[in-house]
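All remarks here apply to the structure that follows.
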Number of protein chains: 2
Amino acid sequence: MSSGILTIGDLSKATGTKVETIRYYERIGLLAAPDRTSGNYRAYGAKDLGRLSFIRRARDLGFGLEQVRELLGLSDQKQRSCEAVDMIARDHLAEVDRKLTDLKALRRELDSIIRQCGCGTIAECRIIEALAPIDPNGPVK
Amino acid sequence: MSSGILTIGDLSKATGTKVETIRYYERIGLLAAPDRTSGNYRAYGAKDLGRLSFIRRARDLGFGLEQVRELLGLSDQKQRSCEAVDMIARDHLAEVDRKLTDLKALRRELDSIIRQCGCGTIAECRIIEALAPIDPNGPVK
DNA sequence: ATTGCACCCTGTAGTAACTATAGGGTCAAC
DNA sequence: GTTGACCCTATAGTTACTACAGGGTGCAAT
């Protein structure tokens, strides 16, 4: 490939994004379909690489694809207030915090159950017991 | 419905699992297909409710469906050592810990970026800047 | 020129765990 | 009989990828 032209593999290596994922992003409109070589290979430019880098970074920070799309749209509007960007980021941070809270609660309970496991037979397994329905008529059947 | 027979809606309400999800569990073999009423309604019994409760609790603790399937299989083997159960639970706890670590790192970085946002225009937005590609030729274009 | 291998292409389906919808039947209270 | 809640099957969608299958291209080594 000649100077300035990048293949999909080049972009993949440069950003740590799989080739298939890059094609996926093109399909859903996150990336523009580039010109093609005579061999029908995608011919990307530096701007495409830049845009994919943005997407990769945002994804790594946990932003959903629609949020990434919005951020990309906003990033082109230089004179506009960045209030909307701030909002997207804060909403996302709040969501991350919710997930953290849930996961911590889950971990606490799971850890507690595991610690109680004396590990004899299934009949006396505290883990199974914790999951099994409470039987009002006696031991778990 | 007569005594002892439970509808899918009964199970749904008793376990907080959606009707559609219960049908899904039947389809993938986690729940046995019950007898039907003359009106073709599913006719569940107490054992079915118990099994669904187990599934629900395990799911709430974050176990994947295949892990739930294994746990269910093990729970029937009373005389067997609960070592396998212990293993599944510990593997899962390790996975939860990995997720927690990743999520915490993500949160730290996201929080840091947000705090730097002075919120003027997009051109000077620290969030967008953090996502944008590094331009060796000068300011982000 | 030929070969071999890494890479590229499109199209399609699968992953995990649900969830929603369309269109139609059942049941029980009124 | 009517009505509204519930039930049924079939199919497709959600999110963000990921994995083929089958075939074409490019380039270095021979």
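Each chain gets a letter, A, B and so on, in the order its sequence line appears, and its residues count up from 1.
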Checklist entry - How would you label the contact of B/Arg23 with the nucleic acid (heavy atoms, under 4.0 Å): base, sugar-phosphate, or nothing? => result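 Since a base atom lies under 4.0 Å of B/Arg23, the category is base.
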
Next on the checklist: Base, sugar-phosphate or nothing for B/Ile8? Non-hydrogen atoms, less than 4.0 Å.
Outcome noted: sugar-phosphate

Expressed in angstrom and rounded to an integer, what is the separation of [X] atom [atom1] from [N] atom [atom2]?
X       : N      : atom1 : atom2 : result
A/Tyr24 : C/dG11 : OH    : P     : 17 Å
A/Ile22 : D/dC17 : CD1   : C1'   : 13 Å
B/Ile5  : D/dC6  : CD1   : C1'   : 17 Å
A/Lys18 : D/dC17 : NZ    : P     : 11 Å
B/Asn40 : C/dT26 : CG    : C1'   : 10 Å
B/Arg42 : D/dT9  : CZ    : C1'   : 9 Å
B/Leu11 : D/dC7  : CG    : C1'   : 14 Å
B/Leu65 : C/dT19 : CG    : P     : 11 Å

Checklist entry - Are the side chain of B/Glu95 and the backbone N or O of B/Asp91 linked by a donor-acceptor pair below 3.5 Å? => result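 No, B/Glu95 side chain to B/Asp91 backbone: no donor-acceptor pair under 3.5 Å.
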
Checklist entry - Taking the nucleotide of DNA chain C with the closest heavy atom to each, which residue, B/Phe63 or B/Ser38, is nearer the 5' end? => result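 The residue mapped nearer the 5' terminus is B/Phe63.
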
Checklist entry - Does B/Glu20 or A/Glu26 map to a spot on DNA chain C nearer the 5' end, using the closest nucleotide for each? => result A/Glu26

Next on the checklist: Heavy-atom nearest nucleotide on DNA chain D for A/Arg27 versus B/Val19: which residue maps closer to 5'?
Outcome noted: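 Checking each residue's closest nucleotide, the 5'-ward one belongs to B/Val19.
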
Within less than 4.0 Å of OP1 or OP2 of [N], is there a side-chain N or O belonging to [X]?
X       : N      : answer
A/Thr21 : D/dC17 : no
A/Tyr25 : D/dC17 : yes
B/Thr37 : D/dC7  : no

Next on the checklist: Could you check whether the side chain of B/Tyr41 and the base of D/dC8 have a donor-acceptor pair of N or O atoms closer than 3.5 Å, going by distance alone?
Outcome noted: no

Considering residues, nucleotides and ligands other than [X], do more than 12 of their heavy atoms fall under 6.0 Å from its [atom1]?
X       : atom1 : result
A/Arg36 : CZ    : yes
B/Gln67 : CD    : yes
B/Asp60 : CG    : yes

Checklist entry - Going through the distances and angles, do A/Ser12 and A/Ile22 end up as a side-chain contact (heavy atoms from CB on, under 4.5 Å)? => result CA-CA 7 Å; A/Ser12 175; A/Ile22 299 172; 4.0 Å; yes

